[in-house]
Amino acid sequence: MATYTANYRLKKPGLADYYNIQDFNDNADVIDGKLKLGEEAKSLAESLQTSQQGMQTTLNGLQVKAVISVVVWAAPNTQVVLQQVGGNGAFSGTVGSSMELQAALTALGKWRLTYVYAGKSYSKEFLVEHIGRTTVVAAPTLAAAPWPYIAKLAEAGRAREAFMLGDSKSVSSSLGVYDMQIIGFGQDYLATPTVGHEMAGLTFQMKSSTPHSYSFDPSSTFDGGWANCLLRTTTLPGVLNSLPADLQAALKPVRKYTANIDNGAGQTTTDKLFLPSEFELYGYCALSNPQHYNVFYEYYQAGHVPNKNYNYWTRSRVKGTGNEAYPVTAVSGYLQASSYRADSKYGLCFAFCV
């Protein structure tokens with residue numbers, strides 16, 4: 001009786017069986033088919049191996065390309081050197097007018113950034129932790145940083161990475177040379193917001209007030225409010241026009257709310273230069289209406305008092321003995337506010353946003 005092989009079931013006639021040429025042919029067909037499958041499998045394996053090698057080469061190239069996508073944000077003409085910590089990777093270059101420099105790095109891990117701007121050297125370490133674009137801020141001090149670069153960081157919401165509350169920068173205007181100080185990050189609403197970009201990145205205020213030389217308004221009772229007062233319509237626009245061109249270009253118009261002296265609706269204005277309100281400086285309203293709709297600026301939240309070297313105007317109003325309204329001033333020397341006739345002369349300590 002015939003039997004069959006274990007793997008391909010080739011027929012094995014028994015010793016007592018008659019010889020049958022068809023059995024031989026059937027076995028040959030099975031063997032031929034299996035040999036053909038083997039050759040095809042070998043060819044397929046070789047093709048897959050070649051394809052895998054090509055894919056690996058492509059992947060390696062993509063990884064290298066992704067790793068080098070490290071962009072340094074720095075002021076124009078900043079000299080940049082990058083050195084891999086514990087490795088041989090290195091890069092150097094000069095930042096152009098775009099204020100961005102793409103660095104040709106070749107490895108993930110820790111890198112040391114050294115950069116020189118305006119003759120002063122800075123350094124920091126950072127991690128390239130993932131495949132994709134990594135942005136590194138290479139900022140000088142606020143005092144040294146140009147306004148277009150400050151505006152770039154502010155608009156991207158990254159100013160806090162570079163600067164601190166209380167940092168100051170010198171500015172020249174028709175009032176003279178004075179220092180503008182950071183009092184808030186992302187606290188003022190832009191007059192023209194976009195999706196994901198509703199707040200101005202930085203708020204600055206004069207570090208010291210000017211001497212007592214400005215009237216709030218010719219009307220002693222300040223009936224027109226902040227929107228129509230002389231300081232807003234004439235004095236501050238004159239100061240704005242005297243600011244350096246690069247600063248003027250960096251300023252962001254913001255929406256400011258000024259409370260009324262009673263429970264009625266206040267005024268909402270759009271301003272590039274503005275006087276802070278009583279609440280924005282003190283966190284409470286000692287004299288003006290508590291219906292403030294404003295923020296308490298971070299710098300003063302942190303415990304710094306808004307006292308300057310002279311009494312200065314705010315944009316808040318207070319009711320007099322009758323129904324007349326008077327502007328509120330921030331008082332130098334102690335934490336308090338007082339009210340004075342609008343035609344009195346006191347200092348300016350204005351603010352703006354970038």
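Counting from 1, the numbers follow the sequence of the chain as shown.
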Donor-acceptor contacts under 3.5 Å from residues 82-89 side chains, at least two apart:
{"from": "Gln83", "atom 1": "NE2", "to": "Gly89", "atom 2": "O", "distance (Å)": "3.1"}
{"from": "Gln84", "atom 1": "OE1", "to": "Gly89", "atom 2": "N", "distance (Å)": "3.0"}

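- Residues passing the ring-ring contact (aromatic ring centres under 6.0 Å, His included) test with Tyr115, sequence neighbours excluded: Tyr122.
- With sequence neighbours left out, the side chain to side chain donor-acceptor pair (under 3.5 Å) criterion links Ser213 to no other residue.
- Residue Val195 is found outside any hydrophobic cluster, as its side-chain heavy atoms come under 4.5 Å of no other Ile, Leu, Val, Met, Phe, Trp or Tyr.
- Within the structure, salt bridge (Lys or Arg N to Asp or Glu O under 4.0 Å) contacts touching residues 88-105 (residues at least two apart or in different chains) are Glu100-Arg133, Glu100-Lys152.
- Classified by interplanar angle (parallel below 30°, tilted 30° to 60°, perpendicular above 60°), the ring pair His212/Tyr310 is perpendicular.
- In this structure, the side chain of Thr210 engages the main chain of Leu348 through a donor-acceptor pair within 3.5 Å.
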Validation: residues 153-161 side-chain donor-acceptor distances under 3.5 Å, sequence neighbours left out:
{"from": "Arg158", "atom 1": "NE", "to": "Glu161", "atom 2": "OE2", "distance (Å)": "2.7"}
{"from": "Arg158", "atom 1": "NH2", "to": "Thr135", "atom 2": "O", "distance (Å)": "3.3"}
{"from": "Arg158", "atom 1": "NH2", "to": "Glu161", "atom 2": "OE1", "distance (Å)": "3.1"}
{"from": "Arg158", "atom 1": "NH2", "to": "Glu161", "atom 2": "OE2", "distance (Å)": "3.3"}
{"from": "Arg160", "atom 1": "NH1", "to": "Glu298", "atom 2": "OE1", "distance (Å)": "3.2"}
{"from": "Arg160", "atom 1": "NH2", "to": "Glu298", "atom 2": "OE1", "distance (Å)": "3.3"}
{"from": "Arg160", "atom 1": "NH2", "to": "Glu298", "atom 2": "OE2", "distance (Å)": "3.2"}

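- Under a 3.5 Å cut-off, the side chain of Asn77 and the backbone N or O of Tyr117 do not form any donor-acceptor pair.
- For Ala330, the side-chain contact (heavy atoms from CB on, under 4.5 Å) partners are Leu281, Tyr282, Tyr312, Thr314, not counting sequence neighbours.
- A donor-acceptor pair under 3.5 Å is absent between the side-chain atoms of Ser92 and the main chain of Val81, judged by distance alone.
- In this structure, the salt bridge (charged side-chain N to carboxylate O under 4.0 Å, His left out) partners of Lys110, at least two apart in sequence or on a different chain, are Glu125.
- Remark: Asp246 engages no residue in a salt bridge (charged side-chain N to carboxylate O under 4.0 Å, His left out) (not counting sequence neighbours).
- With sequence neighbours excluded, the residues satisfying salt bridge (charged side-chain N to carboxylate O under 4.0 Å, His left out) with Lys256 are Asp188, Glu280.
- When the ring-ring contact (aromatic ring centres under 6.0 Å, His included) test is applied to Trp226, no partner is found at least two apart in sequence or on another chain.
- By the side-chain contact (heavy atoms from CB on, under 4.5 Å) test, Ser215 pairs with Lys345, sequence neighbours left out.
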